[in-house]
Engineer: 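To start, I am sharing the structure in question, which I have written as structure tokens.
These numbers were taken from a predicted model, which means no experiment stands behind them. Sequence lines set the chain letters: A, B, ... in the order given, protein chains first and strands last, and positions in each chain run from 1.
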Amino acid sequence: MFKAPRGTSDILPQEKAYWRYIEEKAVYLCQLYGYQPLNTPVFEDYQLFAHIAPDGADIIKEMYVFEDRSGQKLALTAEGTAPICRAYLEHGLFNLPQPIKLYYIIPAFRYERPQAGRYRQHHQLGCEAIGDADPALDAEVIELMYRFLSSLGLSGLFIEINSIGCRQCQPDYVEALKKYYSAYRDRLCPACKIRLARNPLRLLDCKEVSCQEIITGAPKITGYLCSECQTHFQSVQKYLTELGISYQLNHRLVRGLDYYTRTVFEVKPEGKGVQIALGGGGRYDNLIEELGGKPTPAVGFAAGIERIIIALKNQNVIVPTLPKPVAYVACLGTQAKLEATKLVSRLRHQGIAAIQATGDKSLKSQLRQANSLDVKYTVIIGEKEVANETAVLRDMSSGEQKTVPLSEIASLLEKR
RNA sequence: GUGGGCGUAGCCCAGUGGUUAAGGCGCCAGGUUGUGGCCCUGGAGAUCGUGGGUUCAAAUCCCACCGCUCACCCCA
């Protein structure tokens, strides 16, 4: 038997209730904040993603890379920001008044070992504000992300923010960090030895007990920010405070993707066990230039839909169920079935969700099915009703029923 | 990529070497003549994840692979 590939899953109707709920909230809030939908393809030129992280980075190694029949090297979308920037450039969106605000819900693919909240195909809601360096946008994006998650009914969310500087000041900090760490080289965990050489900022993120002490004494990036970055970061914080968004400064927060500059942030749910980030993002003022555009500042976030669903379940948030059919049309006999078929069609044309009994089931089993479908009404058409051009309309919760003219069924149901 | 736990019908699960693999949920059909939800009765549904091995005999022991899961790594 075939199974869904590892790290992927089918989303069954019951699960879809969560998706509907999340997507509706997302679409509503995004338009409320002035973000417009833009969808990018599920695969892109492989080279597009080469810009989001250094060569040896995991996210590059974890990409689904393949060649199509023409030999072009492609990759399944690994994250949403680079494709959005590509589309921004490709369609000349920089010619419109800036900033451009876009959102998307797309699948993203990473070949990694699956576990809770980490899948080979997952889905992200992302929002990007491109073309303006205003710290008010950083705050707006953070507020939007926070509001989105809390409006879903999630509680205990906490936001962490940090600034990782810009091309001017970050290198100074990285130097200082390297210098500090080189004194402890032999005490570092194996992973950190690699980080020291390859991606020193990630040293701060290490969870190894033996490295904690070293991290504590490490220089903090906030001490190395250039005056512009400092001012920017302070403004972001001021805006957040004014907006009533509470946040925690975490000078150890760095993000895995290469393109981030200045503001970075994450949202996590409180609770025991691992705290996986529901969403994260930051400013990426260099990415568009790296992709071949003019220097263009931008800021955005992405939230993981599957992770949000996990959090909703953990917190026992009740989500609205998917709509149920209103009427079930049962029938007895060939002639009745014909009438039932016509009635169901008429009901549907009038916007009344209706289900027709199919097969040759007994009335008993038809009603059983109606019951399990949780319909409000069952319409029963038998020999007698066919002869009289009537139908029995049964209210499934009260069990009351009456015989009415067939032609009136639709309008009777419409009123309820 | 590293390490731990697990893998019995659609779902939950009993069964740790020996006749036709148990139960619950769900599903299907009945409980007289055209009526659901409760109850009762019956039925269908399992190559016991896959492939090897040990043994007279394996769902039960061993190995490999696959998958699930948890932690690490990384990330949404």
Engineer: Which part of the nucleic acid does A:A302 contact within heavy-atom distance under 4.0 Å: base, sugar-phosphate only, or nothing?
Structural biologist: sugar-phosphate

Engineer: In the strands shown, is B:G17 matched to any nucleotide by a Watson-Crick or G-U wobble pair with both distances under 3.5 Å, and which?
Structural biologist: none

Engineer: Contact class for A:E385 vs. all strands (heavy atom < 4.0 Å): base, sugar-phosphate, or nothing?
Structural biologist: base

Engineer: Considering only side-chain heavy atoms of A:R307, which listed nucleotide, B:C68, B:A29, B:C75, is closest?
Structural biologist: B:C75

Engineer: Considering every strand and a 4.0 Å limit on heavy-atom distances, what is the contact class for A:A330: base, sugar-phosphate, or nothing?
Structural biologist: nothing

Engineer: Go ahead and name the base partner of B:C48; Watson-Crick or wobble counts if both distances stay under 3.5 Å, otherwise write none.
Structural biologist: none

Engineer: Atom CG of A:D395 and atom P of B:G37: how far apart are they, to the nearest Å?
Structural biologist: 16 Å

Engineer: Classify the nucleic acid contact of A:G80 as base, sugar-phosphate or nothing, counting any heavy atom under 4.0 Å across all strands shown.
Structural biologist: nothing

Engineer: Counting side-chain heavy atoms from CB outward, which of B:U35, B:C68, B:G30 is closest to A:R368?
Structural biologist: B:G30

Engineer: Is A:R110 touching bases, backbone alone, or none of the nucleic acid, heavy atoms closer than 4.0 Å?
Structural biologist: base

Engineer: Remember a base hit wins even if backbone is also touched, and classify A:S365 as base, sugar-phosphate or nothing at under 4.0 Å, heavy atoms.
Structural biologist: sugar-phosphate

Engineer: Does B:A57 have a Watson-Crick or wobble partner in any strand here, with both distances under 3.5 angstrom, and which is it?
Structural biologist: none

Engineer: Between the base of B:G31 and the side chain of A:K364, is one N or O donor paired with an acceptor at under 3.5 angstrom?
Structural biologist: yes

Engineer: Send over the distance from A:L363 CG to B:U33 C1', rounded to a whole Å.
Structural biologist: 13 Å

Engineer: Please report, rounded to the nearest Å, how far the C1' atom of B:A76 is from the CZ atom of A:F49.
Structural biologist: 14 Å

Engineer: Taking only the side-chain heavy atoms of A:M396 (C-beta and beyond), determine which of B:G36, B:G34, B:C68 contains the nearest atom.
Structural biologist: B:G36

Engineer: For a quick check of understanding: with a heavy-atom distance under 4.0 Å over all strands, which category does A:G359 fall into, base, sugar-phosphate or nothing?
Structural biologist: nothing

Engineer: Determine the contact category for A:G126: base if any of its heavy atoms lies under 4.0 Å from a base atom, sugar-phosphate if only primed atoms, P, OP1 or OP2 are that close, otherwise nothing.
Structural biologist: nothing

Engineer: To the nearest Å, how far apart are A:L201 CG and B:C74 P?
Structural biologist: 13 Å

Engineer: Donor-acceptor pair, distance only, cut-off 3.5 Å: does the side chain of A:N162 make one with the backbone of A:V264?
Structural biologist: no

Engineer: Decide side-chain hydrogen bond (donor to acceptor under 3.5 Å, both in side chains) for A:Y104 and A:Q36; before the verdict, give the C-alpha distance in whole Å, the side-chain angles of both, and the deciding distance to 0.1 Å.
Structural biologist: CA-CA 8 Å; A:Y104 52 84; A:Q36 295 188 292; over 6 Å; no

Engineer: Mind checking A:R202 for me? I need base, sugar-phosphate or nothing, with any heavy atom below 4.0 Å counting as a touch.
Structural biologist: sugar-phosphate

Engineer: Students often get this wrong, so: under 4.0 angstrom with heavy atoms, is A:Q401 touching a base, only sugar-phosphate, or nothing?
Structural biologist: base

Engineer: Quick check on the 6.0 Å ring-centre criterion: do A:Y259 and A:Y284 meet it?
Structural biologist: yes

Engineer: Checking base pairs now: Watson-Crick or wobble, both atom distances under 3.5 Å. What partners B:G42?
Structural biologist: B:C28

Engineer: Are any side-chain N or O atoms of A:Q315 and backbone N or O atoms of A:S155, one a donor and one an acceptor, separated by less than 3.5 Å?
Structural biologist: yes

Engineer: Describe the nucleic acid contact of A:K384 in one word from base, sugar-phosphate, nothing, applying a heavy-atom distance below 4.0 Å.
Structural biologist: base

Engineer: Figure out the CD1/C1' separation between A:I142 and B:A76, and round it to whole Å.
Structural biologist: 16 Å

Engineer: Using the side-chain hydrogen bond (donor to acceptor under 3.5 Å, both in side chains) rule, take A:S397 and A:D395 through it: C-alpha gap first, then chi angles, then the decisive distance, then the call.
Structural biologist: CA-CA 6 Å; A:S397 51; A:D395 183 316; 2.9 Å; yes

Engineer: Heavy atoms from C-beta onward define the side chain here; which of B:C74, B:G37, B:C27 lies closest to that of A:R394?
Structural biologist: B:G37

Engineer: Measure from the side chain of A:Y119, starting at C-beta and using heavy atoms only, and say which of B:A29, B:A76, B:G3 lies closest.
Structural biologist: B:A76

Engineer: In the strands shown, is B:C6 matched to any nucleotide by a Watson-Crick or G-U wobble pair with both distances under 3.5 Å, and which?
Structural biologist: B:G67

Engineer: Between A:N371 and A:R113, which has a closest nucleotide on RNA chain B that is more 5'?
Structural biologist: A:R113

Engineer: Measure from CD on A:Q115 to P on B:C73 and round the result to the nearest Å.
Structural biologist: 10 Å

Engineer: Please work out if A:L278 contacts a base, only the sugar-phosphate, or nothing of the nucleic acid, heavy-atom cut-off 4.0 Å.
Structural biologist: sugar-phosphate

Engineer: So which atom in A:C331 and which in A:A340 form the shortest heavy-atom distance, rounded to 0.1 Å?
Structural biologist: CB-CB, 4.0 Å

Engineer: According to a cutoff of under 5.5 Å between the ring centres and under 30° between the ring planes, does A:H122 stack with the base of B:A76?
Structural biologist: yes

